[in-house]
Amino acid sequence: MGTTARPSVSAPVPLPPGLLPDRCCNARTYLMQGFTVVEVQGTVDLATAPGVQLHLDAATQPTGARVIVDLRPVDFFDCAALTLLCRAYRRIRARDGHLGVVCVRPWHRRILTAGGLDPLFSPTTTIEEAARAALGAPKAGDN
């Protein structure tokens, strides 16, 4: 039998119950090789933002947290989602951690750019790319 190359970032591992919120209709959270990934999905607007905020607040609570927000499954988001991302960034910065954002849809990037947030988050196209960027980047408080 031959050996197979291992990916640089392992497959998702479910978090132990009670550490982070249970999956809701618009977000789920899991660990991936030292990173907390908050996968946001569906529509994120004023009505659904509180459920997503629970996940982001829990993920950004620990000091030095490394969080990746995956927007790839999002069908629609508005300024409520931008508010959540900014809140998560402020919390991470205050706790000396790192926040990465993954998005592939051109209109996601246009909204981030229009809000002036594209340079702040430096979005990537994969979770693995976001993890590599975080490992090579200074912590949020070092800016």
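Minimum interatomic distance between H108 and C103 (heavy atoms only, all atoms of both residues): ND1-CB, 3.7 Å. The two residues A80 and L46 have their closest heavy-atom pair at CB-N, 3.7 Å. Taking all atoms of both residues into account, the shortest heavy-atom contact from A59 to T36 is CB-CG2, 3.6 Å. Summarising the geometry of P73 relative to V40, their closest heavy-atom pair is CD-O, 3.5 Å, with the distance given to 0.1 Å. When all heavy atoms are compared, the tightest approach of A81 to V44 is CB-CG1, 3.7 Å. The heavy-atom pair separating S122 from P119 by the smallest distance is OG-O, 3.4 Å.
For the side chain to side chain donor-acceptor pair (under 3.5 Å) condition, the pairs that include at least one residue of residues 40-50, sequence neighbours left out, are D45-T48.
Applying the side chain to side chain contact (heavy atoms under 4.5 Å, CB included) test to I111 and every residue at least two apart in sequence or in another chain returns F77, L82, W107. Residues meeting the side chain to side chain contact (heavy atoms under 4.5 Å, CB included) test with R90, sequence neighbours left out: C86, R87. Residues passing the salt bridge (charged side-chain N to carboxylate O under 4.0 Å, His left out) test with R66: none are found, sequence neighbours excluded. Contacts of T125 classified as side chain to side chain donor-acceptor pair (under 3.5 Å), with partners at least two apart in sequence or in another chain: E129. In this structure, the salt bridge (charged side-chain N to carboxylate O under 4.0 Å, His left out) partners of R72, at least two apart in sequence or on a different chain, are D70.
Linking Ile, Leu, Val, Met, Phe, Trp and Tyr residues whenever their side-chain heavy atoms come within less than 4.5 Å places V101 and L120 in a single cluster. L99 and L54 fall into different hydrophobic clusters, where Ile, Leu, Val, Met, Phe, Trp and Tyr are joined by side-chain heavy atoms under 4.5 Å apart, directly or via other members. Linking ILVMFWY residues whenever their side-chain heavy atoms come closer than 4.5 Å, directly or via other members, leaves F76 and L85 in distinct clusters.
Remark: of the listed residues L112, L71, V69, V102, L112 is the sole one forming a side-chain contact (heavy atoms from CB on, under 4.5 Å) with F121.
To the nearest 0.5 Å, the span separating CD1 on I127 from CE on M32 amounts to 5.0 Å. Between L84 atom CG and H55 atom NE2 the span is 12.0 Å, to the nearest 0.5 Å. In this structure, CZ on R132 lies 5.5 Å from OG1 on T126, to the nearest 0.5 angstrom. Atom-to-atom distance recorded for T29:OG1 and E39:CD is 9.5 Å, nearest 0.5 angstrom.
The shortest distance between side-chain heavy atoms of R95 and P62 does not fall below 4.5 Å.
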Legend entry - Test log, rule side chain to side chain contact (heavy atoms under 4.5 Å, CB included), inputs R105 and D75: CA-CA 9 Å; R105 297 181 187 197; D75 297 320; 3.9 Å; yes

